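This structure is a prediction, so every number in the text was calculated from the model and none was measured. Order of appearance sets the numbers: ligands from 1, and atoms from 1 within every ligand.
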Amino acid sequence: MSGYAWAMPTLNVSTGTLHYRDAGDGEPIVLVHGFPLDGQIWERVAPLLADKCRVITPDLPGFGKSFATGSFTMDSLADVLVELLDQLKIDRATFAGLSMGGYVLQALVRSHPGRVGKLIFVDTRANADDEKGRAGRDAMIALVKEKGTPGVVDQMLPKMLSPATFAAQPDVVARQREIMLACPPATIANACAAMRDRLDFTPLLPTLECPLQVIVGEHDAIAPPEVSRAIVAAAKGARLDVIEAAGHMAPMEQPKAVAEAILSPSPP
Ligand code: MLT
């Protein structure tokens with residue numbers, strides 16, 4: 001976000017502290033990061049939105065610059081987003097969540113539907129982990145205990161970005177690695193357990209009362225486009241945007257296309 005005027009306050013919240021970036025005026029949009037990441041993954045998209053709306057990018061508790069006193073679940077992370085809105089005196093906002101950020105928003109809309117004006121899922125899933133997925137979480141917890149954050153980065157990074165990004169955007173690859181390497185091992189282990197234990201959101205898709213938009217990189221290897229298509233099919237009236245030349249990290253890889261999708265009127 002260099003060259004852009006960002007306020008970067010830190011709030012005291014029930015889980016410890018909550019650091020966030022805040023820029024622009026108008027309708028608020030809260031951009032929620034995935035795993036093992038922090039709010040900086042939105043640094044190329046947020047300036048493109050801030051001319052049109054107020055853009056708030058928190059570091060979830062335990063990630064980035066937000067300190068957490070204890071462990072977290074998807075529900076407790078969602079509750080902290082409500083604390084953020086309360087402290088900023090925002091009644092209702094648009095929320096966009098990438099991957100794990102989407103899981104947090106699923107917990108949020110379950111518990112506090114009135115605080116969500118519009119929901120944007122980015123490179124995420126609605127289903128819970130199956131048995132294989134849960135075993136994979138346990139394996140990653142073991143991996144981070146044995147090899148620390150670098151072991152997790154080595155395993156995950158090749159799957160996070162599209163072939164086009166690896167070939168043509170070395171700066172994005174380096175930045176992605178840098179953000180991932182900063183995630184504390186204890187946060188990685190906690191997030192794996194929290195994602196493993198999250199609830200299935202699929203049955204709620206047809207009952208959503210707010211507008212839903214789904215954005216996915218065409219080469220997302222972690223939450224592939226067919227997963228997003230199934231979400232859109234289940235939630236009536238949802239909008240789907242497939243981002244070319246992007247993988248799982250569409251906002252880092254193709255920020256202009258992601259910002260344009262977010263600013264597009266719904267439905268398409
Ligand atoms: C993420 O990008 O947040 C994670 O890959 C989500 C997941 O592992 O389910």
Co-membership, hydrophobic cluster, residues F67 and L84, 4.5 Å side-chain: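 In one cluster: no.
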Carboxylate-amine/guanidinium contact D86 R115, below 4.0 Å: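 Between R115 and D86 there is a salt bridge, with a charged N closer than 4.0 Å to a carboxylate O.
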Polar contact flag, side-chain donor to acceptor under 3.5 angstrom, R175-Q40: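 A donor-acceptor contact under 3.5 Å links the two side chains.
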Check: H248/D220 side-chain N/O donor and acceptor closer than 3.5 Å: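 The answer is yes; a qualifying pair exists.
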Passing option when F95 is tested against L85, L31, I29 for side chain to side chain contact (heavy atoms under 4.5 Å, CB included):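 When side chain to side chain contact (heavy atoms under 4.5 Å, CB included) is applied between F95 and each of L85, L31, I29, only L85 qualifies.
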Near [X], which atoms of ligand 1 are under 4.0 Å from a heavy atom of that residue?
| X | value |
| --- | --- |
| F35 | 1 (C), 2 (O), 3 (O), 4 (C) |
| H248 | 1 (C), 2 (O), 5 (O) |
| G34 | 3 (O) |

R137 heavy atom under 4.0 Å from ligand 1: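 Judged by the 4.0 Å heavy-atom criterion, R137 does count as contacting ligand 1.
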M100 N/O to ligand 1 N/O under 3.5 Å: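 N/O-N/O distance under 3.5 Å: yes.
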Closest approach of any protein heavy atom to atom 9 (O) of ligand 1, naming residue and atom: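 Closest protein heavy atom to atom 9 (O) of ligand 1: Y103 OH, 2.6 Å.
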Which residue and heavy atom of the protein sit nearest atom 6 (C) of ligand 1, plus the separation: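 Sorting protein heavy atoms by distance from atom 6 (C) of ligand 1 puts S99 OG, 3.0 Å first.
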Centroid-centroid under 6.0 Å between F63 and F72 rings: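 Close enough - the centres of the two rings lie under 6.0 Å apart.
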